[in-house]
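What follows is a single structure, written as structure tokens, with notes after it.
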Amino acid sequence: LIGTGIGVSPWTVLAEGLTNYVNWTVGFATFIISLIVLLCWIPLKQTPGIGTVLNALIVAIVIDFSLPFIPEINNFFGKLLFIFFGVIITGIGGSVYLISNLGPGPRDGLMTGIQKKTDLPLAWIRSLIEITAVIFGWLLGGTFGIGTILFALGIGPSYSLSIYTLNKVLNSEN
């Protein structure tokens, strides 16, 4: 999404907004936000695992190290295609490690914890979490655009569909 220039993911909006007030990189701000999100797990009785720790560290590090190498996309259709595939890949990737039971990433654990407490559809919860991150990030001055909206509204359904599909595939083999 960063390479499209038409909006970043909701959590990156928040991280960018935070960097407007502190002298941190976007990756480090992402890591700090992950730690804050983990504190929200306490009332949800979520349990972190090795996947939780690795997600918080790897995502933050990859953001900082990959930013200089992200290509600029000049074609608007190409930008939308990148956003579409970014949402799909994020949903599939997150679903794979959620199903592996190694511990969800901070944002994913927040999503699953709220889902267990409320019994609302996972897609709704994830979309609401993403929209909340966008609002706070935008208020702090983070980059916002159509890519942000598409990601915020698409990631919940992408997770839901990916989890459903992976569960069907894995359970059909047993």
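Given the structure is predicted, the values throughout are model-derived calculations rather than measurements.
The distance from the CD1 atom of I125 to the NZ atom of K116 is 11.5 Å, given to the nearest 0.5 Å. Distance check: I6 CD1 to L80 CG gives 5.0 Å after rounding to the nearest 0.5 Å. Once rounded to the nearest 0.5 Å, the distance linking CG of L14 with CD1 of I32 reads 12.0 Å. Taking CZ of F82 as the start and CD1 of I73 as the end, the distance is 4.0 Å to the nearest 0.5 Å.
Using modelled atom types, no side-chain atom of S162 and backbone atom of S95 make a donor-acceptor pair closer than 3.5 Å. Checked by atom type and distance alone, the side chain of S160 never pairs as donor or acceptor with a backbone atom of P157 at under 3.5 Å. When atom types are taken as modelled, the side chain of N55 and the backbone of G51 share no donor-acceptor pair closer than 3.5 angstrom. At least one donor-acceptor pair closer than 3.5 Å links the side chain of Q115 to the backbone N or O of L120. Of the possible polar contacts, one joining the T148 side chain to the V8 backbone as a donor-acceptor pair under 3.5 Å is found. Distance alone, capped at 3.5 Å, places no donor-acceptor pair between the S34 side chain and the P106 backbone. Remark: the backbone N or O of T30 is not paired with any side-chain donor or acceptor of W11 at under 3.5 angstrom.
The hydrophobic clustering, which links ILVMFWY residues whose side-chain heavy atoms are closer than 4.5 Å, places I155 and L110 together. Both I36 and L38 are members of a single hydrophobic cluster when ILVMFWY side chains are connected at heavy-atom separations under 4.5 Å. Clustering ILVMFWY residues whenever any of their side-chain heavy atoms sit less than 4.5 angstrom apart, transitively, puts L128 in a cluster other than the one holding V37. Linking Ile, Leu, Val, Met, Phe, Trp and Tyr residues whenever their side-chain heavy atoms come within less than 4.5 Å leaves Y164 and M111 in two separate clusters.
Taking the ring-ring contact (aromatic ring centres under 6.0 Å, His included) definition, one finds that W24 meets it with F28, sequence neighbours left out.
Residue W138 shares its hydrophobic cluster (ILVMFWY side chains chained together at separations under 4.5 Å) with I131, V134, I135, L139, F144, I149, L153.
Heavy atoms of other residues, nucleotides or ligands lying less than 6.0 angstrom from CD1 of I70 number more than 12.
The shortest heavy-atom contact between W41 and P104 is CH2-O, 3.5 Å. Minimum interatomic distance between L39 and P43 (heavy atoms only, all atoms of both residues): O-CD, 3.8 Å.
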